[in-house]
Amino acid sequence: MTLTFKTCAAALAASVSLGSIAAAQDVPAPYQPYAGTTLVVNFPAHPHYNAAMKVLPEFTEQTGIEVEVDQLQYLKMRERQTLELTKDEGDYDLISYVVFSKADYVFADQLENLARYFMNPKLADPNYDAADLIDGYVQNIGVAGGQKGYLPGPTGSLYGIPFGSETSVLGYRTDIFEKHGLEVPETYDALLELACQIPELEPGMGGLASRAASGHQASHAFLLHLNPLGGGIFDDAWEPIVNNEAGVEAANALKSIVDCGIEGSQTFGPSEAAAAFAQGDYAMFLDSIAFAATFEDETNSQVVGNVGWALHPEGVKRASQTGGFGIAIPKNAQNKEAAFLLMQWLTSKEADLMIAMEGGNPSRFSTYENAELNAKYPYAATFGEALQYADPDWRPIIPTWGKINADLGTTLSQIITEDLDVQEGLDGVAERSRAIMDEAGYYTWN
């Protein structure tokens, strides 16, 4: 069936209708007041959410609450939400948001603080076990108002729950590594050496598939290397340090990886990098866990059965990204309590495992420990191990980050494609970033 919005049907041709309404007396007591309610949710086109769509009918069957999904490419999703969240009454009852939207939405007072829902005994499931949620993901995706304004601390509050959160891992072609007697790289030195050695061993094949497209994608790829190499965007006083020795090393690493890639790799986003690895054009892939299941899908992958997984290589420290998506209730939602019940159900132990079995990203430690999941997806154990190194402070999730991120990504693209001097380029980013931070008031108390 085709889904439509309750108030703007013509704009939502890509939506999907899920489930049927159950009689109120047939559902558990907490859901009975909301049986027959229709929730409209906004999800990204993303492997985790594709998996979640498969289990949503179970929610309707259990609760009598119907769900309509507007699924959009994640940058278009952000554009849509930017408009929706400013209305007096919004069309969305529950939204997914990419991690760097957290600061913008919370700062603009557009998301519900979840405290009053978890305090409500009629809504809060006593068996939810929030301590089982992956804490690095909760800190990165859900909490705002604590340390640095975007991390936990005595003043922090919960505005969202991780759902489709990610960390970074290294995928590699087991057949290629075995053929040439290569060792899986544990360090950055070994990773970068292999990235350019493999094209010599396998002519026509790239070493390490990577994002590199101008803007956010190049910035994301740079950040993947910056943290393990000991760098950051700012110091504790918000002074830019992106142009220090570690920053230069990370930018050079990214340029080397792209230079040793296949033709056209300078324009790769995450999907293009993953597709190139899946088609056998690369021997390694360093990015999100979200793509793992697609590499074992025979309809889309030519490397099925030949992909191994390892931890994000170590630089001066072992560190991997935290990112991806969470779910939140907009301040202008029309069915907030029912939306909370859906949020709670989707991130419960039961649903988290169901979604993971369909190829989604677990939000819970217990899911990664599940024997059935590990039997179906043997790489889950490695992903669970990687979480101990997932850094919630991998990038600054602050309202000014959008401008700084765009400038950084554009500059990195010039470094990659136009041979802009690395130090010169990053010095310019640091200077412009400080001006942006100054205008926003970050040095007021200095």
Side-chain angles (χ1 to χ4, degrees), residues 47 166-212 220-225 227-229 250 253-262 265 268-298 300-315 318-321 323 359 361 368 374 376-390:
E166 306 164 11
T167 194
S168 52
V169 286
L170 177 69
Y172 62 96
R173 288 280 300 279
T174 55
D175 53 340
I176 299 298
F177 273 61
E178 290 171 5
K179 176 182 177 181
H180 297 287
L182 304 175
E183 293 186 6
V184 178
E186 289 278 340
T187 67
Y188 256 82
D189 287 343
L191 176 71
L192 296 175
E193 182 179 353
L194 274 178
C196 292
Q197 180 186 4
I198 285 167
E200 297 176 357
L201 297 173
E202 291 283 333
M205 177 177 286
L208 176 63
S210 172
R211 311 183 193 206
H220 183 106
F222 168 76
L223 290 169
L224 277 179
H225 311 308
N227 194 329
L229 292 172
L254 175 59
K255 179 170 173 52
S256 176
I257 289 166
V258 176
D259 285 348
C260 293
I262 65 172
S265 61
F268 279 2
S271 297
E272 291 80 8
F277 181 74
Q279 295 306 308
D281 294 331
Y282 278 89
M284 295 184 291
F285 175 79
L286 181 63
D287 209 293
S288 167
I289 61 174
F291 296 99
T294 63
F295 298 147
E296 300 302 326
D297 180 356
E298 293 183 352
N300 297 306
S301 174
Q302 296 183 21
V303 297
V304 174
N306 288 316
V307 181
W309 294 94
L311 300 181
H312 191 130
E314 185 174 9
R318 178 82 73 179
S320 58
Q321 74 162 100
N361 304 344
Y368 272 115
N374 280 276
K376 184 173 183 179
Y377 301 116
Y379 50 72
T382 299
F383 295 177
E385 183 183 358
L387 294 173
Q388 64 183 300
Y389 304 108

Search all heavy atoms of [X] against all heavy atoms of [Y] and return the closest pair with its distance.
| X | Y | value |
| --- | --- | --- |
| Val184 | Leu170 | CG1-CD2, 4.3 Å |
| Ala212 | Ser265 | CB-O, 3.5 Å |
| Phe291 | Ala274 | CD2-CB, 3.5 Å |
| Gly315 | Leu229 | CA-CD2, 4.2 Å |
| Asn361 | Ala290 | OD1-CA, 3.6 Å |
| Arg173 | Gly280 | NH1-CA, 3.5 Å |

From [atom1] ([X]) to [atom2] ([Y]), nearest 0.5 Å:
| X | Y | atom1 | atom2 | answer |
| --- | --- | --- | --- | --- |
| Ile257 | Tyr282 | CD1 | OH | 10.0 Å |
| Arg211 | Asp287 | CZ | CG | 4.0 Å |
| Asn306 | Glu178 | CG | CD | 8.0 Å |
| Ile289 | Leu387 | CD1 | CG | 6.5 Å |
| Leu194 | Cys260 | CG | SG | 11.0 Å |
| Tyr377 | Glu296 | OH | CD | 9.5 Å |

Under 3.5 Å, side chain of [X] to main-chain N/O of [Y], donor-acceptor pair present?
| X | Y | result |
| --- | --- | --- |
| Asn374 | Tyr368 | yes |
| Ser256 | Ala253 | no |
| Tyr172 | Glu183 | no |

So do the side chains of [X] and [Y] get within less than 4.5 Å of each other, counting heavy atoms only?
| X | Y | answer |
| --- | --- | --- |
| Met284 | Phe177 | yes |
| Val307 | Tyr379 | no |
| Ser320 | Leu311 | no |
| Phe268 | Ile262 | yes |

Donor-acceptor pairs under 3.5 angstrom involving side-chain atoms of residues 199-210: please list them, not counting sequence neighbours.
{"from": "Glu202", "atom 1": "OE2", "to": "Lys179", "atom 2": "NZ", "distance (Å)": "2.7"}
{"from": "Glu202", "atom 1": "OE2", "to": "His180", "atom 2": "NE2", "distance (Å)": "2.7"}

(message) I need the single residue from Gln321, His220, His312 that forms a side chain to side chain donor-acceptor pair (under 3.5 Å) with Ser168. Which is it?
(response)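 Per the side chain to side chain donor-acceptor pair (under 3.5 Å) rule, the option paired with Ser168 is His312, out of Gln321, His220, His312.
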
(message) Students often mix this up, so state it plainly: with edges at 30° and 60°, are the rings of Trp309 and Phe295 parallel, tilted or perpendicular?
(response)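 Ring orientation of Trp309 relative to Phe295: parallel.
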
(request) Show your reasoning for whether side chain to side chain contact (heavy atoms under 4.5 Å, CB included) applies to Tyr389 and Asn227. (result) CA-CA 11 Å; Tyr389 304 108; Asn227 194 329; over 6 Å; no

(request) Step through the shown structure and confirm whether more than 12 heavy atoms of other residues, nucleotides or ligands are within 6.0 Å of CD on Gln279. (result)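 Atom CD in Gln279 is crowded, with more than 12 foreign heavy atoms closer than 6.0 Å.
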
(request) Show the numbers, then the answer: is there a side chain to side chain contact (heavy atoms under 4.5 Å, CB included) between Leu182 and Ile198? (result) CA-CA 9 Å; Leu182 304 175; Ile198 285 167; 4.2 Å; yes

